[in-house]
Number of protein chains: 2
Amino acid sequence: MGAEGHADGTVGKALDVLDMVAGFGRPVRFSDLLTQSDYPKATLYRLLQTLTHQGMLTLDPDTGTYALGVRLVRLAHAAWAQSSLAPIARPYLDELARETGETIHLAQMDLGQVLYVDKRNAARPVEMFAQAGKVGPAYCTGVGKAMLAYLPPEALEAALARQSFHRHTPHTLASREALLAELEAIRKRGHAWDAEEHETGIICCAVPILSRGGRVMGALSVTSTTARTTLEALGAQAPMIKDIAAKIAAEAESWRFPEQV
Amino acid sequence: MGAEGHADGTVGKALDVLDMVAGFGRPVRFSDLLTQSDYPKATLYRLLQTLTHQGMLTLDPDTGTYALGVRLVRLAHAAWAQSSLAPIARPYLDELARETGETIHLAQMDLGQVLYVDKRNAARPVEMFAQAGKVGPAYCTGVGKAMLAYLPPEALEAALARQSFHRHTPHTLASREALLAELEAIRKRGHAWDAEEHETGIICCAVPILSRGGRVMGALSVTSTTARTTLEALGAQAPMIKDIAAKIAAEAESWRFPEQV
DNA sequence: AGACTAAGTTTCAAATAGTGAAACCAAACG
DNA sequence: CGTTTGGTTTCACTATTTGAAACTTAGTCT
């Protein structure tokens, strides 16, 4: 993590620092950040000061460590409520979870990565904050591939450039070419598989959530294990998943959902 | 909403804009923001552009409206996990909810306002994102007063300056003086009441979560209704609530929790 | 103790990035 | 078809940001 591309302006740098702090996943000291970043000492120092003053970071005076501030949590609540599909999709996810009894994921695209914005766990009650907000790779997950397949050329290109193509399992499509072929197949088929490409034993069936104009708004998936079911059996559910995705899309449409990269 | 005090530097302004967009609670057009803010057209325009480019905002090309971006959701996940008391307090909240059967709130201080970081609803299962992240007034809520009472002088002063002292109910302490007297009483008593000061019929008992050094880390409250119970009955629970708060504090201490304003 | 080192904070002139009034453009309106 | 409304771009002016280096603590080692 860290070492972002090119941050435009002071704001970009500040946000970059924010990401960096987030990346550590624990309170960090000034010097930790200094070694990570390319910013010179004084610059980084002032950025941290500003962010702290703004409440985006908090500084523990005793240990001299920085952590993400609560202002972020507040902003995020608003972000989740207004900018993600989650609040709209909520009742539909419940329905799908009831119908299938499997794990449900709702995801959106965030800078070439998959961002899970909501989830239903087969057994447990929902625990949102703890689950949503996680990110995952796009090239080897059902939701990721479902979205990639319907991205417009430039956006796809940008997303592909950000894929790492790590071979998680023997089934992972670990090259650009293999992935492109699969995307073509997904467009033909209308839904995406995850055939143990990310984790052995885990399979899923995913469909994109498309606006009327064909814009990718997100993706929806039903996940299970090879122990419990097969790809074919999951595939039988595809029409229902597609149906739910369409309902979500229709409702989101009326909210005129903004474009995702 | 909007019209923040004085934003230091470009970063401050950008974050200010972010807050403003969040404040609307729906996608906003450029001109909506323009009328709200004091920033001149061009400045606001460039800020929006930068934020959009950074993924903190998204711009719907069709409607020309801005909404909070998904990057925030991602950041928030990290913030919630690493910087709030919530993950630590989780099991204790469960315990308290089981014991009391009432609604439980866990809050922290955010720029003079109360930020709810977790919640247990008497009946329903937890629904985090939808509930946490909300803010409320400090001067007329149990958790707010519990925290104010133990703030160091300068921080209290800063917080007081941000209170609006709106008279929500006939019981609201709607002046600085009345509030200060109550804070003194809270310190004596060791816990705070909300005696229908925010909403008629709603009462609660709240205690601060204090670090070993006496720093305010957050507050914990048990809420009920006048229909179901009385302040006195709630007061009987105070020792237990305090006990749980102490446990949370102790565990947080080992994580060396950072200072809150 | 005294000398060394690591970690964080401050300085200051140079350079860059941000500012905002005003001009411009485009689409919607009457 | 001229006008208004809403959004984008320009450009000279300025304030902010920059970062090497100097400085200050607070530990550590001998």
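Chain letters run A, B, ... following the sequence lines, proteins first, then strands; residues in each count from 1. Everything numeric here is computed off the predicted structure, so don't read it as measured data.
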Here's a test of your reading of the structure: between D32(A) and T10(A), which maps to the more 5' nucleotide of DNA chain C? D32(A)
Calculate the interatomic distance between L48(B) atom CG and dT8(D) atom C1'; express it in whole Å. 12 Å
Does Y39(B) make a side-chain N or O approach to OP1 or OP2 of dG20(C) shorter than 4.0 Å? no
Rounded to whole angstroms, how far apart are OH on Y45(A) and P on dT11(C)? 10 Å
On the nucleotide dA6(C), are OP1 or OP2 found under 4.0 Å from the side-chain N or O atoms that S31(A) carries? no
Rounded to the Å, how far apart are H53(A) NE2 and dT16(D) P? 14 Å
Would one find a side-chain N or O of K41(B) under 4.0 angstrom from OP1 or OP2 of dT19(C)? no
When we call it a touch if two heavy atoms are under 4.0 Å apart, what does T43(B) touch: a base, just sugar-phosphate, or nothing? base
Do E251(B) side-chain atoms and A89(B) backbone N/O form a donor-acceptor pair below 3.5 Å? no
Under-4.0 Å side-chain N/O to phosphate OP1/OP2 contact, R46(A) with dT17(D): no
Taking atom CG of L179(B) and atom CZ of F165(B), what is their separation to the nearest 0.5 Å? 5.0 Å
Nearest 0.5 Å please: distance from the CG atom of D32(A) over to the CZ atom of R29(A). 5.0 Å
Please determine whether side-chain contact (heavy atoms from CB on, under 4.5 Å) holds for the pair V216(B) and L210(B), giving the CA-CA distance in whole Å, both sets of side-chain angles, and the decisive distance to 0.1 Å. CA-CA 5 Å; V216(B) 175; L210(B) 302 172; 3.8 Å; yes
pair L160(B)-Y139(B): side-chain heavy atoms closer than 4.5 Å: no
Q49(A) atom CD is separated from dT18(D) atom C1', nearest whole Å, by 15 Å
How many Å lie between CG on L44(B) and P on dT9(D), as a whole number? 15 Å
Please report the distance, rounded to the nearest Å, between CZ in F30(A) and C1' in dA26(D). 16 Å
What's the closest nucleotide to the side chain of A42(B) if the choices are dG19(D), dG7(D), dG20(C)? dG20(C)
Angle separating the five-pair end axes of the helix from dA1(C)-dT30(D) to dG30(C)-dC1(D), nearest 10°, is 30°
Spacing between D38(B) atom CG and dG20(C) atom C1', to the nearest angstrom: 14 Å
With side chains defined as the heavy atoms from C-beta onward, is the minimum distance between L51(A) and Y66(A) less than 4.5 Å? no
Kindly say whether L85(B) contributes a backbone atom to a donor-acceptor pair with the side chain of Q108(B) at under 3.5 angstrom? yes
In whole angstrom, what separates L47(A)'s CG from dT9(C)'s P? 14 Å
